[in-house]
Every structure is written in structure tokens, then in C-alpha cells.
Amino acid sequence: MGSALGLNDQAGALMALTIATWNINSVRLRSGLVQKFLKEAKPDILCLQETKCPDDQFPHGDFRKIGYGHIAVSGQKGYHGVAVLSRLPFATQSVKQFAGKADCRHISVELSENAGSLAGLVVHNFYVPAGGDIPDPEANEKFAHKLAFLDEMKQWGKKDKPASKKAVLVGDLNVAPLEHDVWSHKQMIDVVSHTPIECDKLNAAIKSGKWVDAVRTLKPEPEKLFTWWSYRAADWVASNRGRRLDHIWVSEDLAGSLKKTEIHRDARGWERPSDHVPVTLTIA
DNA sequence: ATGGTTGTCATACAA
């Protein structure tokens, strides 16, 4: 056997798919860590955010040489940037603008016919604006931009119905929507990423798009789940003041196929780490 | 209440 695609039947139909999301905070600086993760976790698809890399400088070869031959990128100089690395071919790819800015914060791919039972699956990769420090849209235009972006995600879910077919939405959504998505609900209530208005808007986007929060379905509250720990902590392990900012949602028709999710916490302790860790979901 | 770190690109700015 030795299939590169994980669990396959004899006809080659895809029986299982593992998808991962990771805010890498510079793909060029951390290409080595991406390769380490790909070799260890072996996802079929990895969605990256904050690549901080113009498309003509993206290190395609680093990932092609270890089996990720299908790569879709939408990057810009210095800031933002998203990418999809895949062992499976794409039929199409596209990018969408949100909240009236040309920021590279979204890319989607559709799997080709070779993907067996998951042929046609659409993967949306998002990088929602962080929103600055002050949780007031009047005083802080970055927060206003974040709220507008979340509102537009809701409208998109309602109007374009991206989850009306087999689809997965992943990314750094920069909101920890549930009480147990932060180390202290009480101490985080006025901190950007966990304010009620952001949580409400993210939940409205899930609802209007008929998405299912796959990670929380498999690991329900009150278990605390974090995917990000600040660089500013003197000791991130000891303080453990994390937040769940990185998410994987699936369309309703995939909700019965959720098999396993993992938050790769160890990656936060790797050398020169990103402040986010990878999250994986397996559907079968 | 404050400052704490990191990456990019060159000096502050975003996170």
C-alpha cells in the first residue's frame, strides 16, 4: 500500500482527510517548523495564516519536496497573507476581499475529482483582523475593521451559503468565543478577542452560515482549549494564559463524519516558535 | 496600573 493520502480503499477513494490550520507568523522564518509539523502530523492539507510573504518569494520548494505539491498562496509584503499546502490537487482556487480592504486574509480551494468521496470539498482559509488594543470601534479603527469583517463573514454565510455543500472553514479568527476558550473569562471580558460584541458576531457568522464548530463538537466545554499563548509572558507554560483563536468549522453534512481533533501544543515549545500552534481535524 | 515579545523592514507598526 503505502499511500501518501492516508486511509484509502482499493479503488483509491479517499476515506479520511486530515486538515490543519496554523498561524505561522512568517512562513520564510519558520519554513523548517512547517516541514517538521508536516512530517510529524502528516495532514493532507495545511492552511497557513500570517505568512508575511509576497507570492513570488513563497518557499514552494520546501514543501513540494516533502509531498505537498499543490500550493495556493495569497500574500503581500510585511503583513497578513494566507496559503494552502496540499497533497491533493485543487480543481479551483479563489480569494475574496472582506471589509473593503485589499488585505490578504482569505483564500479558498476546491478539491478536484481525484479526492474520491471528498471531491468538490471546499476549504476556506481565513485570517480575521486582530483588532488592536482598545475594544471601542469609535476610538480604534482597527477594532471597527474587525467588527466589519465579522459582519461581512455573517452576510457571506447567509447570502453565498458556502456551507450548503461539503466545506471546511479554518483559520486564525482572532476571537475566542466561549467562556472556556480563554484562561479567565472574567479577566478577559474587556480584552479584544473575547469581548461580548466580538463573540456575538463570530457566533452569528457560524449560525448564519450553518457551520458547525468541529473542535468544540469533539472537545466540548468545560474543557479549556487554547491555541495561542502570548510572546510577552515570561513563562507561557507556567502562566498558561492562553486563548482559542484558531478554529475549524465544517458544513452540516460533514458534522456526522468528525473523527478526531488535536491541538498541537508542543509546537509552542519548539525553537523560535510561532505564538499560535497548529490545530488538526480528521474527518472520515 | 503597567509593561511585557516578536517579525518586518528600516522606523514604527501590527500583532
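Residue numbers begin at 1 in each chain, while the letters A, B, ... track the order of the sequences.
Ring-plane geometry between A:W211 and A:H124 is classed as perpendicular, the angle between the planes exceeding 60 degrees on a 0 to 90 degree scale with a lower cut at 30.
Regarding A:D275, its CG atom lies at a distance of 17 Å from the P atom of B:dA14, rounded to whole Å. One can place NE2 of A:H276 at 15 Å from P of B:dT6, the figure rounded to the nearest angstrom. Rounded to whole Å, atom C1' of B:dG7 lies 14 Å from atom CD of A:Q76. One atom, CD of A:E271, and another, C1' of B:dG7, lie 17 Å apart when rounded to the nearest Å. The nearest whole Å value for the distance from the CD atom in A:E198 to the P atom in B:dA15 is 13 Å. The interatomic distance linking A:D235 (CG) with B:dG4 (P) rounds to 17 Å, in whole Å. Protein atom NZ of A:K52 is 8 Å distant from nucleotide atom P of B:dG7, rounded to whole Å. Atom-to-atom, CG of A:L33 to P of B:dG7 comes out at 11 Å; the value is rounded to the nearest Å.
Residue A:R105 is in sugar-phosphate contact alone, with no base atom involved, counting any heavy-atom pair closer than 4.0 Å across all strands shown. Note on A:H80: only backbone sugar-phosphate atoms sit closer than 4.0 angstrom, heavy atoms only; bases stay farther off.
Nearest heavy-atom pair across A:K166 and A:S117 is NZ-O, 2.9 Å.
Contact between the side-chain N/O atoms of A:R272 and the OP1/OP2 oxygens of B:dG7 is found at a separation under 4.0 Å. Taking only side-chain nitrogens and oxygens, A:R30 comes nearer than 4.0 Å to OP1 or OP2 of B:dG7. Remark: A:S26 is not in phosphate contact with B:dT6, judged by side-chain N or O atoms under 4.0 Å from OP1 or OP2.
Picking from B:dA14, B:dA10, B:dT5 the nucleotide with the shortest atom distance to the side chain of A:K77 gives B:dA10.
Within a 6.0 Å radius of CG in A:D136, more than 12 heavy atoms belonging to other residues, nucleotides or ligands are found. The 12-atom threshold is not exceeded at NZ of A:K210, counting heavy atoms of other residues, nucleotides or ligands nearer than 6.0 Å.
Where A:Y231 and A:V27 each meet DNA chain B at their nearest nucleotide, the meeting point lying more 5' is that of A:Y231.
Under the 6.0 Å cut-off for aromatic ring centres, A:F226 and A:W183 do not qualify, their centroids lying 6.0 Å or more apart.
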